[in-house]
Amino acid sequence: MKDKINYYLKQINIAKEGGGKNRIDSQHKKGKLTARERIDILLDDNSFNEIGMFVKGKNINENEKELAILGDGVITGYGRINGYEVLIYSQDFTVYGGSLGEEHANKICKILDMAIKNKIPVIGLNDSGGARIQEGVAALGGYAEVFQRNVLASGVIPQVSAILGPCAGGAVYSPAMTDFIFMSEQTSYMFVTGPEVVKTVTHEDVDTEYLGGANTHTTKSGVADFSFDNEIIVLQELRRLFDFLPQSNTSEAKMKKFNDDTSKKIESLNTLVPEDKNKAYDIKELIVNVADEKDFLEVQKDYAKNIVIGFIRMEGYTIGVVANQPLALAGCLDINSSRKAARFVRFCDCFNIPLLTFVDVPGFLPGTDQEFNGIIKHGAKLLFAYAEATVPKVTLITRKAYGGAYDVMSSKHLRGDINYAWPTAEIAVMGAEGAAKIIYKSANEEILKDKIKEYEEKFSNPYIAASRGYIDEVIKPDITRIKLIDAFKILRNKKLKNPWKKHDNIPL
Ligand code: HXC
């Protein structure tokens with residue numbers, strides 16, 4: 001018995017060593033943690049249960065058989081984050097560069113199957129040289145098996161990826177199909193083809209960081225949602241995100257205790273919108289002020305800054321916020337902001353997270369660049385996302401709601417449940433000046449001035465929309481938090497079903 005236990009303990013130690021001390025040291029020297037250290041930071045203390053520690057790669061050729069390493073380069077299992085169950089896989093770069101062979105893929109698939117069957121969120125910590133070269137097509141097949149499960153899990157359980165090292169070639173498509181991607185700065189990258197292939201094909205000289213580092217994907221491509229200075233912050237922030245997410249598409253919303261007043265008036269909101277209509281202000285002031293404890297987790301904060309998305313809580317319940325940002329492009333909707341917000345709206349709708357929309361939008365961004373790149377299709381994504389969403393939808397128009405953008409931004413006509421406006425709201429086909437110039441084309445300057453004023457008085461307000469019931473209530477800014485809390489409370493048991501379909505055909 002004792003021998004058997006000693007043998008068992010020895011095997012565990014061997015497995016825990018992964019690719020050995022030298023490779024662990026080399027990992028640390030690059031500013032990276034090991035797969036096991038990452039799990040320790042991510043999960044609640046002593047909550048990790050490992051599955052498949054003794055799995056060995058089976059496609060290693062005869063000469064290399066004795067080199068097969070326990071675990072096959074990925075650590076899999078389950079644990080808890082703030083008391084909630086989570087399934088996890090963490091690629092071990094010290095074992096064949098974390099490359100994915102058949103058994104490595106089988107381990108990840110087992111985790112994804114368990115996640116789907118038991119409706120538990122899954123987190124993937126990626127650090128891998130891609131398909132294991134020695135395993136050839138078995139490795140490629142392994143990736144496709146993972147992809148298939150990512151797709152089946154989509155909309156059933158939250159899937160979150162952290163990229164903490166290389167992620168190249170087709171391997172990028174597994175994280176790409178998950179709901180949120182975190183990246184660590186300077187130590188991670190994602191691209192379909194690396195700098196050498198790029199150089200050969202397009203003659204561009206780029207390094208890995210510029211081509212696919214955290215900065216590129218959070219500012220230029222929008223592929224990643226979050227990036228942080230180092231892995232420890234990435235893992236801590238992943239825990240924070242997880243706190244806002246439900247366990248699955250059928251689970252109860254998480255409720256977090258909060259120390260905040262639900263009947264609090266916020267005087268500063270009365271002066272948030274400047275007297276000058278063309279002056280910008282920061283919509284995040286409004287978001288943090290209505291949130292419990294001013295806690296706002298912004299998603300994609302450095303990409304398409306003309307729209308702000310993220311999570312807050314109201315009375316302890318998670319709410320997804322979408323808000324036009326007057327500080328960037330005057331809050332116009334363009335291709336990138338439409339795609340960014342549409343995906344977020346669809347995520348919230350999948351997981352029964354109510355939507356709060358703040359509107360200050362002068363319209364869609366004009367220009368050949370936008371038209372040639374398909375603003376029609378991309379703008380339609382956001383419209384489609386709002387229109388199909390069945391979660392509680394509360395909307396507040398703070399200032400401009402012009403033209404098609406008025407319709408798109410969770411208007412009453414797209415089944416907005418409760419639509420508020422501040423007295424500063426201007427709900428119209430377009431701004432007063434543009435409108436007068438079109439209607440009174442040949443008028444002289446003086447008449448035009450009068451007509452602009454007339455149009456402003458007649459149309460640039462919330463009262464015509466309110467008289468038709470498109471706005472349910474015009475509210476004083478300082479009571480906004482109180483009103484929003486009451487609105488979400490009355491909608492808590494909302495039930496709405498779309499007609500049966502196999503799936504929709506969102507304009508991609
Ligand atoms: C097997 C691999 C490997 C791979 C790395 N290693 N990538 N083993 N298959 N794909 C091994 C190395 O041999 C080395 O083993 C150890 O991992 C660490 O690698 P290094 O090169 O020493 O590390 P580093 O200098 O940090 O460079 C990391 C790297 C580089 C940039 C990832 O290793 C690399 O370019 N690897 C190949 C990447 C690649 O082209 N993969 C295929 C992509 S295509 P030892 O024993 O020395 O420690 C793909 C298709 C997916 O993935 C298709 C899905 C549809």
Side-chain angles (χ1 to χ4, degrees), residues 14 17-35 38 55-61 63-75 89-109 112 124-151 161-178 183-201 206-214 216 223 231:
I14 291 171
E17 261 180 18
K21 188 173 176 321
N22 289 345
R23 291 191 183 89
I24 291 174
D25 289 346
S26 144
Q27 180 85 342
H28 287 156
K29 267 190 209 131
K30 289 178 195 159
K32 292 162 69 182
L33 298 168
T34 66
R38 289 166 180 159
V55 168
K56 277 186 178 182
K58 65 179 174 206
N59 287 307
I60 309 284
N61 68 42
N63 304 333
E64 288 186 327
K65 268 224 160 98
E66 73 285 2
L67 299 178
I69 292 172
L70 294 181
D72 204 35
V74 63
I75 295 154
Y89 66 88
S90 177
Q91 292 179 311
D92 184 350
F93 192 81
T94 70
V95 178
Y96 305 119
S99 60
L100 180 142
E102 190 179 355
E103 286 304 325
H104 180 123
N106 284 342
K107 285 182 72 176
I108 296 175
C109 288
L112 286 164
L125 306 181
N126 297 259
D127 186 2
S128 166
R132 189 170 302 158
I133 294 160
Q134 299 90 324
E135 297 206 26
V137 70
L140 301 183
Y143 267 119
E145 296 284 344
V146 174
F147 299 158
Q148 177 66 65
R149 284 162 178 80
N150 287 136
V151 173
S161 305
I163 314 297
L164 304 170
C167 185
V172 294
Y173 288 112
S174 173
M177 287 188 290
T178 63
M183 292 185 79
S184 54
E185 283 160 22
Q186 306 296 329
T187 53
S188 72
Y189 57 82
M190 296 177 84
F191 40 66
V192 174
T193 47
E196 276 155 38
V197 179
V198 169
K199 173 100 180 146
T200 315
V201 179
V206 280
D207 58 18
T208 52
E209 184 58 30
Y210 186 64
L211 186 62
T216 294
V223 164
E231 291 187 16

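Indexing begins at 1, ligand by ligand and atom by atom, following the structure's order. Computed from a prediction, not measured in an experiment: that's the story for all the values here.
Per-residue contacts place Arg23 under 4.0 angstrom from the following atoms of ligand 1 (heavy atoms of the residue considered): 45 (P), 46 (O), 48 (O). The ligand atoms of ligand 1 that sit less than 4.0 angstrom from a heavy atom of Gly130 are 52 (O). Close contacts between ligand 1 and Gln134 involve ligand atoms 1 (C), 9 (N) [criterion: under 4.0 Å to a heavy atom]. Interface of Lys30 with ligand 1, defined as ligand atoms under 4.0 Å from a residue heavy atom, comprises 26 (O). Listed by atom number, the atoms of ligand 1 under 4.0 Å from Leu140 heavy atoms are 53 (C). Atom numbering of ligand 1 starts at 1 in the shown order; those under 4.0 Å from a heavy atom of Gly129 are 7 (N), 10 (N), 32 (C), 37 (C), 38 (C), 39 (C), 41 (N), 42 (C).
When side chains are defined from C-beta on, Glu135 does not count as touching Leu140, because their heavy atoms never get closer than 4.5 Å. Between Pro166 and Asp127, some side-chain heavy-atom pair lies under the 4.5 Å cut-off. The side-chain heavy atoms of Leu164 and Ser188, taken from C-beta on, include no pair separated by under 4.5 Å. Considering only heavy atoms from C-beta on, Lys56 stays 4.5 Å or farther from Glu103 through its side chain. Annotation: side chain of Thr208 is in contact with side chain of Pro195 (closest heavy-atom distance under 4.5 Å). A 4.5 Å side-chain heavy-atom check between Val146 and Cys109 finds at least one atom pair inside the cut-off. The shortest distance between side-chain heavy atoms of Leu100 and Arg132 does not fall below 4.5 Å. Put simply, the side chain of Lys107 does not reach to within 4.5 Å of the side chain of Tyr89, judged on heavy atoms.
In this structure, atom 35 (O) of ligand 1 has its sub-4.0 angstrom surroundings free of protein heavy atoms. In this structure, atom 21 (O) of ligand 1 has no protein heavy-atom contact shorter than 4.0 Å. At a distance under 4.0 Å, a protein heavy atom can be found next to atom 2 (C) of ligand 1. In this structure, atom 41 (N) of ligand 1 has protein heavy atoms in its sub-4.0 angstrom surroundings. The protein reaches atom 49 (C) of ligand 1 closely, with a heavy atom under 4.0 angstrom from it. Note that atom 55 (C) of ligand 1 has protein non-hydrogen atoms nearby, at separations under 4.0 angstrom. Distance remark: protein heavy atom present below 4.0 angstrom from atom 28 (C) of ligand 1. Atom 17 (O) of ligand 1 is flagged as protein-proximal [any protein heavy atom, distance under 4.0 Å].
Distances shorter than 4.0 angstrom do not occur between any heavy atom of Glu135 and any atom of ligand 1. Using a 4.0 angstrom heavy-atom cutoff, Phe147 counts as in contact with ligand 1.
No donor-acceptor distance shorter than 3.5 angstrom exists from the side chain of Lys32 to the backbone of Thr187, with no hydrogens or angles considered. Remark: the backbone N or O of Leu33 is paired with a side-chain donor or acceptor of Glu231 at under 3.5 angstrom. Side chain of Asn126 to main chain of Gly124: a donor-acceptor pair is present (N/O by atom type, distance under 3.5 Å, no hydrogens or angles). With hydrogens and angles disregarded, no donor-acceptor distance shorter than 3.5 Å links the side chain of Arg23 to the backbone of Val95. When atom types are taken as modelled, the side chain of His104 and the backbone of Gly57 share no donor-acceptor pair closer than 3.5 angstrom.
From the protein, the heavy atom lying nearest to atom 19 (O) of ligand 1 is Phe93 CZ, 4.2 Å. Protein heavy atom nearest atom 6 (N) of ligand 1, with residue, atom name and distance: Tyr96 O, 3.7 Å. Counting only heavy atoms of the protein, atom 44 (S) of ligand 1 lies nearest to Gly169 CA, 4.3 Å.
Which of Ala131, Ala168, Gly141 comes nearest to atom 10 (N) of ligand 1 through a heavy atom is settled by distance: it is Ala131. Residue Ile133 holds the heavy atom nearest to atom 9 (N) of ligand 1 of all those in Ile133, Val95, Leu100. With Gly98, Ser26, Ser99 as candidates, the residue nearest to atom 4 (C) of ligand 1 on a non-hydrogen basis is Ser99.
Where the criterion is an N or O separation shorter than 3.5 Å, residue side chain and backbone included, Gly97 meets it with respect to ligand 1. Residue Tyr189 has no nitrogen or oxygen atom sitting less than 3.5 Å from a nitrogen or oxygen atom of ligand 1, judged on distance alone.
The side chain to side chain contact (heavy atoms under 4.5 Å, CB included) test with Met183 singles out one residue from Ile163, Val223, Thr216, and that residue is Ile163.
Using a 4.0 Å cut-off between a side-chain N of Lys or Arg and a carboxylate O of Asp or Glu, Asp25 and Lys29 do not qualify as a salt bridge.
Under 4.0 angstrom from ligand 1, there are no non-hydrogen atoms of Tyr173.
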